[in-house]
Amino acid sequence: MMSRLKTLALAILLLPFMACTEGKPPQAQDWSTATGAEAYERLWWKAIQNGDFKSAEWRLASMYTLTTSAGIKDRQQAMQYFQSLGVTRVDLGELEIKPHGVDMVVTYLATVQTKSSAMPQRFYMTTVWQEDKKGWMAITHSEVPAT
């Protein structure tokens, strides 16, 4: 009887550890399964990194505006800018999402590696996403070099 109690007590003590096993990482999201502004932002940069400029451009509103240290660009000029970067990697950190009506404001610190830069560069970035009948569309994006 005593050994059964010891075995039961041991099983109860070990039960939480058996339940805490390492799970699978989340499956990669795509545009149709994305569930929020963070996912849209990450998917957009993934498209740029993968050279899928058609998908990236499709997510930009017709009145999209890009602001960089080089100036203000419209949608077409922005796509030329992103294509010219030759992005090989983008890491997003310190990401914050602020909902405002039908808009989502996404701010973050991005570390961007391009084919032409020896070292990654850091930028403070802000993108405003707006819900549209076609899904979520970026209406503006700004990036400022982080010092």
Side-chain angles (χ1 to χ4, degrees), residues 8-147:
L8 181 60
L10 184 60
I12 290 171
L13 288 172
L14 293 176
L15 190 59
F17 295 106
M18 290 187 286
C20 295
T21 60
E22 186 176 332
K24 293 180 183 177
Q27 293 181 341
Q29 288 186 323
D30 64 17
W31 292 105
S32 64
T33 61
T35 56
E38 178 177 353
Y40 294 120
E41 194 72 25
R42 291 184 187 282
L43 285 167
W44 194 86
W45 279 110
K46 183 179 176 185
I48 293 295
Q49 182 178 325
N50 292 341
D52 184 4
F53 300 112
K54 184 177 180 181
S55 290
E57 185 173 13
W58 193 81
R59 290 294 169 179
L60 302 183
S62 60
M63 84 304 204
Y64 177 85
T65 303
L66 169 67
T67 305
T68 69
S69 58
I72 299 171
K73 301 175 184 343
D74 64 19
R75 184 176 189 253
Q76 182 181 0
Q77 294 165 330
M79 283 310 302
Q80 291 169 353
Y81 166 78
F82 288 117
Q83 288 175 14
S84 72
L85 288 177
V87 173
T88 58
R89 182 181 174 114
V90 178
D91 294 310
L92 309 184
E94 301 178 26
L95 199 129
E96 289 185 35
I97 299 165
K98 298 173 184 153
H100 183 71
V102 295
D103 299 334
M104 291 284 191
V105 179
V106 183
T107 59
Y108 53 97
L109 177 64
T111 304
V112 180
Q113 179 69 53
T114 64
K115 293 175 183 173
S116 62
S117 63
M119 297 293 295
Q121 297 174 308
R122 294 169 20 115
F123 295 89
Y124 295 111
M125 296 192 179
T126 301
T127 305
V128 178
W129 290 89
Q130 188 172 75
E131 193 169 16
D132 184 273
K133 53 189 164 196
K134 292 194 286 184
W136 285 89
M137 307 294 285
I139 60 172
T140 189
H141 175 81
S142 67
E143 49 188 56
V144 178
T147 53

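Hydrogens, waters and symmetry mates are skipped; everything else that's a heavy atom, side chains included, is used.
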Arg75 CZ: over 12 foreign heavy atoms closer than 6.0 Å: yes

For Gln76, does the CD atom have more than 12 heavy-atom neighbours from other residues, nucleotides or ligands under 6.0 Å away? no

Looking at [atom1] of [X] and [atom2] of [Y], how far apart are the two atoms once the value is rounded to the nearest 0.5 Å?
X: Gln130; Y: Met63; atom1: CD; atom2: CE; result: 5.5 Å
X: Ser55; Y: Phe53; atom1: OG; atom2: CZ; result: 11.0 Å
X: Tyr81; Y: Ile48; atom1: OH; atom2: CD1; result: 10.5 Å
X: Thr67; Y: His141; atom1: OG1; atom2: NE2; result: 9.0 Å
X: Thr140; Y: Tyr64; atom1: OG1; atom2: OH; result: 6.5 Å
X: Gln77; Y: Ile72; atom1: CD; atom2: CD1; result: 10.5 Å

Taking side chain to side chain donor-acceptor pair (under 3.5 Å) as the criterion, tell me which of Arg42, Glu38, Glu41, Glu94 meets it with Tyr108.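 The passing option is Glu41.
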
State, to 0.1 Å, how close [X] and [Y] come at their nearest heavy-atom pair, and which atoms those are.
X: Arg89; Y: Gln49; answer: CA-OE1, 3.6 Å
X: Met137; Y: Leu60; answer: CE-O, 3.6 Å
X: Arg122; Y: Leu109; answer: NH1-CD2, 3.4 Å
X: Met79; Y: Ala56; answer: CE-CB, 4.3 Å
X: Val102; Y: Trp136; answer: O-CZ3, 3.5 Å
X: Arg59; Y: Trp129; answer: O-CZ3, 4.1 Å

Pick from Val90, Val106, Val112: which one makes a side chain to side chain contact (heavy atoms under 4.5 Å, CB included) with Met125? Val112

Are Trp44 and Thr127 close enough that some pair of their side-chain heavy atoms sits under 4.5 Å apart? no

Looking at Ser142, is its backbone amide N or carbonyl O close enough to the side chain of Thr126 to form a donor-acceptor pair, meaning the two atoms are under 3.5 Å apart?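 No; zero donor-acceptor contacts below 3.5 Å.
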
Kindly write out the residues that satisfy salt bridge (charged side-chain N to carboxylate O under 4.0 Å, His left out) with Glu131, not counting sequence neighbours, or none if the list is empty.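 Glu131: no salt bridge (charged side-chain N to carboxylate O under 4.0 Å, His left out) contacts found.
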
